[in-house]
Amino acid sequence: MKLVTERFSVAKRHALTISRGTSTGSENLLVTIEHQGITGYGEMAPTSGGAVAETAEMAASALERWRPSIECATPWEWQRINAEICKIDSMYICPAARAGLNMAVWDWMGKATSRPVYCLLGLDLDRIVHTSVTVGINPPAVVEERVADILLRTGARRLKVKLGSPDGLDTDKRILAAALNAAECVYEEIGYRPAFRVDANGGWDVPGTLAMADWLAERGVEYIEQPIARGKEALYSQLTGKCALPVYSDESICIAADIPPLAPYIAGINIKLMKCGGISEALNMIGTARAHGLRIMYGCMSETSLSITAAAQISPLADELDLDSHLNLNPDPWTGAQWQDGRVVPNNTPGLGVARR
Ligand SMILES: [Mg+2]
């Protein structure tokens with residue numbers, strides 16, 4: 001098969017601030033494969049917070065290193081391609097480049113068989129749950145405005161509020177209180193109360209996590225994501241039996257092999273295609289996590305509808321979804337999965353079902 005890569009820029013509608021910093025947009029990489037007249041598309045978006053921060057430039061050069069292994073194979077040979085790539089770079093090196101390639105392979109296989117990817121996997125779209133829409137760290141007045149805008153504009157049923165502010169737990173409490181208040185203010189108009197979950201992106205310590213969990217549980221928040229920073233996984237055991245809310249791990253878990261050591265201390269994991277290396281490894285992670293009794297969430301980086309739609313193809317397997325980055329792009333250069341009453345649902349076009357806007 002033939003491989004082509006192309007860097008492109010995306011701009012965010014609203015800058016997103018999390019505990020580690022602010023992002024206004026990103027440079028992503030389009031990964032295109034072509035074989036027997038059929039084209040498959042995949043996307044790489046930059047990563048941060050995981051094993052290594054990966055840029056589009058790093059991903060493009062990784063794909064150049066892998067090019068001979070890719071171009072001597074057909075898209076039907078992922079196991080062989082991945083084994084060859086792993087001889088050059090481990091699964092932790094440029095996983096987002098691998099995700100773009102793997103996504104393109106799945107798009108190609110779906111098109112070659114005239115089936116959407118979810119059909120190839122026998123998945124039931126009726127199982128797709130509502131996706132969270134993310135609210136970044138901002139002054140409380142901005143959070144109120146943002147939450148009202150999201151609820152009125154999108155009809156989102158679930159909101160993920162970013163906490164772990166460098167200004168401390170009192171600031172986190174003011175942010176969450178502002179979000180709850182804004183949702184209450186628009187209740188009459190939208191006719192429902194959204195579910196709330198929070199993501200500290202590693203911004204808390206153990207006492208802070210336990211105190212915040214108590215406070216958040218009293219306010220109806222459902223769970224906490226990555227309270228403690230990557231690299232401090234040994235501290236998670238100190239939460240066991242004391243934390244008032246379920247804890248999901250995101251940054252601490254990239255691929256399936258990361259799951260067993262942390263599994264006894266967490267309720268679930270956040271799988272991202274850019275962290276793990278694509279749909280194929282995400283399926284491995286789901287099997288591993290289920291075997292440990294864990295719940296499954298999917299998240300995203302700064303991805304367009306191309307990559308979001310790839311995740312949507314396997315989202316019937318998830319308990320929680322956070323596939324919203326495309327909603328905050330202006331413009332989103334791709335179309336694919338449809339927004340249906342707070343759910344991100346793939347269409348019935350073969351492959352991923354994506355097209356350039
Ligand atoms: Mg997260």
Side-chain angles (χ1 to χ4, degrees), residues 12 14-23 26 45-54 95-96 99 129-138 143 150 156 158-166 172 175-176 179 195-205 208-209 212-213 216 221-233 235-236 239 243 245-255 258-259 262 265-276 282 285-286 289 294-303 307-308 311 315 318-328 344:
K12 285 192 185 347
H14 297 298
L16 178 64
T17 300
I18 66 168
S19 68
R20 291 189 300 272
T22 299
S23 164
S26 62
T47 63
S48 68
V52 184
E54 181 178 346
V129 300
H130 291 112
T131 194
S132 295
V133 175
T134 298
V135 184
I137 294 175
N138 276 297
V143 170
I150 289 169
R158 296 171 189 192
L159 295 175
K160 181 191 279 192
V161 181
K162 293 288 192 180
L163 299 181
S165 164
D172 281 347
I175 290 170
L176 199 275
F196 280 86
R197 46 284 301 271
V198 305
D199 185 356
N201 287 108
W204 296 340
D205 57 12
T209 301
M212 284 301 290
L216 293 165
V221 170
E222 294 179 323
Y223 58 77
I224 301 171
E225 190 178 325
Q226 193 75 28
I228 294 166
R230 178 180 171 84
K232 297 181 179 172
E233 285 74 23
L235 296 176
Y236 273 85
L239 302 176
C243 190
L245 288 176
V247 171
Y248 280 71
S249 180
D250 178 356
E251 287 88 340
S252 290
I253 292 183
C254 296
I255 61 174
D258 299 329
I259 296 171
L262 207 51
Y265 313 113
I266 55 177
I269 61 168
N270 186 348
I271 296 173
K272 291 176 181 162
L273 296 179
M274 296 302 137
K275 280 192 304 178
C276 74
M285 293 184 78
I286 291 162
L294 298 178
R295 289 174 64 81
I296 308 284
M297 180 199 320
Y298 300 166
C300 56
M301 308 303 285
S302 179
E303 297 159 39
S307 178
I308 290 293
S315 61
D319 304 301
E320 306 289 352
L321 292 169
D322 184 17
L323 298 177
D324 67 328
S325 58
H326 61 310
L327 303 174
N328 191 31
V344 177

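Since we're looking at a predicted model, the values are computed, not measured. Atoms within each ligand, like the ligands themselves, are counted from 1 in listed order.
Nearby protein atoms of type N, O or S around the Mg ion (ligand 1) amount to 3 (distance under 2.8 Å).
A donor-acceptor contact shorter than 3.5 Å is absent between the side chain of Ser307 and the backbone of Glu303.
Residues Leu245 and Val221 have side chains in contact (heavy-atom distance under 4.5 Å, counting atoms from C-beta outward).
A donor-acceptor contact under 3.5 angstrom links the side chains of Ser132 and Arg197, judged on distance only.
The side chain to side chain contact (heavy atoms under 4.5 Å, CB included) test applied to Ala289 returns Ile259, Ile269, Leu294, Ile296, not counting sequence neighbours. Ala15 pairs by the side chain to side chain contact (heavy atoms under 4.5 Å, CB included) definition with Thr22, Thr24, not counting sequence neighbours. Remark: Asp258 engages Tyr92, Ile253, Cys254, Ile255 in a side chain to side chain contact (heavy atoms under 4.5 Å, CB included) (not counting sequence neighbours).
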